[in-house]
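Just below is one structure, and these are the notes that go with it.
On a predicted model such as this, the values are computed, not experimentally measured, just so you know. In what follows, chains are A, B, ... by sequence order, proteins preceding strands, each numbered from 1.
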2 protein chains.
Amino acid sequence: MNRLPVAERREQLIEAALAVASRDGIDAATVRAVAAEAGVSLGVVHYCFQDKDELLRAMAHAITSANLERSLGELPAEAEDVESVIEGVLEALWAGIRDSRGPQLLSYELTTSSLRHSELNQVAIEQYRGQWAAAEQVLDLVERSAHVSWSMPRGAIARSIVAVIDGFSLAWLVDGDSEAARNGLQGFGRYLATIAVPAPIEADAAASLA
Amino acid sequence: MNRLPVAERREQLIEAALAVASRDGIDAATVRAVAAEAGVSLGVVHYCFQDKDELLRAMAHAITSANLERSLGELPAEAEDVESVIEGVLEALWAGIRDSRGPQLLSYELTTSSLRHSELNQVAIEQYRGQWAAAEQVLDLVERSAHVSWSMPRGAIARSIVAVIDGFSLAWLVDGDSEAARNGLQGFGRYLATIAVPAPIEADAAASLA
DNA sequence: GGTTGTCCTGGTCGATTGTCCAAGTCAAGT
DNA sequence: ACTTGACTTGGACAATCGACCAGGACAACC
């Protein structure tokens, strides 16, 4: 067994916990299973983390960050008409979910666990705050790409984006119908396009017109 | 302890399991906790159910049926314009969820548990089949009340209704913002109204015109 | 080369879990 | 009254869990 500084060992254990929980569910992420996945002995976990809850909180933080990066990582930004931009963005978000079934299911397990166990109280709300913020950044991107603003409060739209993606993702996890999820999100994209309004002439846009 | 025929005892235990799981989460619904909630001794549970999974499956079936009855139970059916009918229907569905936080959270716990544990394999899909069917019946109601049909496949619309309600409900469970959920669902209602088209004259409608 | 402190090992403990069982209790039928 | 069968009781069991600990191993520094 390699000797590692405690900080690196923590990261390794967090990744091991993420692997176990994504593969077999959050209940399977026992201290023993995580230690085995990481290839270390049982005591190491309690040497690096005060207790199991601290490990789970760290894991939750890791998956939240990973989801955020994934969401904002590979968004297409080709300037076209509003509808196409929105469709492309939603398609990219959906592709990220479809290709990570285990972590996505784990996210929902973390949400419900957080709502039941006070030790994980902050996990769910942080998860959603991150997603709502990411959705607002997506709205920024659409605004800049398609030169539009919105006929509804941005916060409300961001919340809707997260809600709709969550809803279709959950259904897809249950029945595996990717096509239905795609179609549903495309329909939502068309709706989003209807609440986009041409942006007023602003400083930069005015400059490009001069 | 009263003596009861096994069938009635089963129902009582299912209700006890529902109470414990709704209040404290699905993990808290241990055989012992359920027995204590029902006021019976430990052995009774295994006298009435082969094992714990059978009890949980029965509980899941009960909550699915309850959700279905609740959804279709108190739908307003006053004939007005499409938008008002849809808004009223969504408001009724949302009210049912808002007033049953524990069971609603339990539903999501059951969904994720079902997706992880093969013993509960059928639970989630039955849950969703029920909800999709209920959503289609809601569409029926709107059609008859407002005399419209739809410019999209009914199945797709039903799936969207369930997805959107799921998504907003989940967010509401996390941050408790009822107003945001209401507003989001109202926005979805306005969208639904845009994909409703006036119904072609049919037999009964034609008769009422004669 | 000895010392110090970090990191790792593997066993052990008490608590909780699902499952099982031998015995007890009670109502109904003969 | 007595038997039969349905229902109940509460303890016992093995398995698994998080937590803890005494000690071994290793690298860095004096």
Under 4.0 Å protein heavy-atom contact, by nucleotide of nucleotides 6-20 of chain D - B base, S sugar-phosphate only: BBBBBBB----BBB-

Enumerate donor-acceptor pairs with a distance under 3.5 Å from any side-chain N or O in residues 152-162 of chain A to protein atoms, sequence neighbours excluded.
residue, atom, partner, partner atom, Å
A:Arg154, NH1, A:Asp140, OD1, 3.3
A:Arg154, NH1, A:Glu143, OE2, 2.4
A:Arg154, NH2, A:Asp140, OD1, 2.9
A:Arg159, NH2, B:Asp175, OD1, 3.3
A:Arg159, NH2, B:Asp175, OD2, 2.3
A:Ser160, OG, A:Ala156, O, 3.0

Considering only distance and modelled atom types, tabulate donor-acceptor pairs under 3.5 Å from the side chains of residues 18-26 of chain A, sequence neighbours left out.
residue, atom, partner, partner atom, Å
A:Ser22, OG, A:Leu18, O, 2.7
A:Arg23, NH2, A:Glu37, OE1, 2.7
A:Arg23, NH2, A:Glu37, OE2, 3.1

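Listed by chain and number, the residues in a ring-ring contact (aromatic ring centres under 6.0 Å, His included) with A:Tyr128 are A:Trp132 (sequence neighbours excluded). Checked against side-chain hydrogen bond (donor to acceptor under 3.5 Å, both in side chains), B:Arg3 has no partners two or more places apart in sequence or in another chain. Applying the side chain to side chain contact (heavy atoms under 4.5 Å, CB included) test to B:Gln122 and every residue at least two apart in sequence or in another chain returns B:Ile125, B:Glu126. In this view, A:Ser169 and A:Trp94, A:Ile97, A:Gln104, A:Tyr108, A:Ile165 satisfy the side chain to side chain contact (heavy atoms under 4.5 Å, CB included) rule, not counting sequence neighbours. Residues passing the ring-ring contact (aromatic ring centres under 6.0 Å, His included) test with B:Tyr191, sequence neighbours excluded: A:Tyr191. Remark: B:Gln131 pairs with no residue by the side-chain hydrogen bond (donor to acceptor under 3.5 Å, both in side chains) rule, at least two apart or across chains. Annotation: side-chain hydrogen bond (donor to acceptor under 3.5 Å, both in side chains) contacts of A:Glu15 (sequence neighbours excluded): none.
Computed from C1' positions of five pairs at each end, the angle between the two local axes of the helix from C:dG1-D:dC30 to C:dT30-D:dA1 equals 10°, rounded to 10 degrees.
With a cutoff of under 4.0 Å to any heavy atom of chain A, the contacted region of DNA chain C is bounded 5' to 3' by C:dT6 to C:dT12.
For the side chain to side chain donor-acceptor pair (under 3.5 Å) criterion with B:Gln127, the lone passing option out of B:Thr111, B:Asn67, B:Thr64 is B:Thr111.
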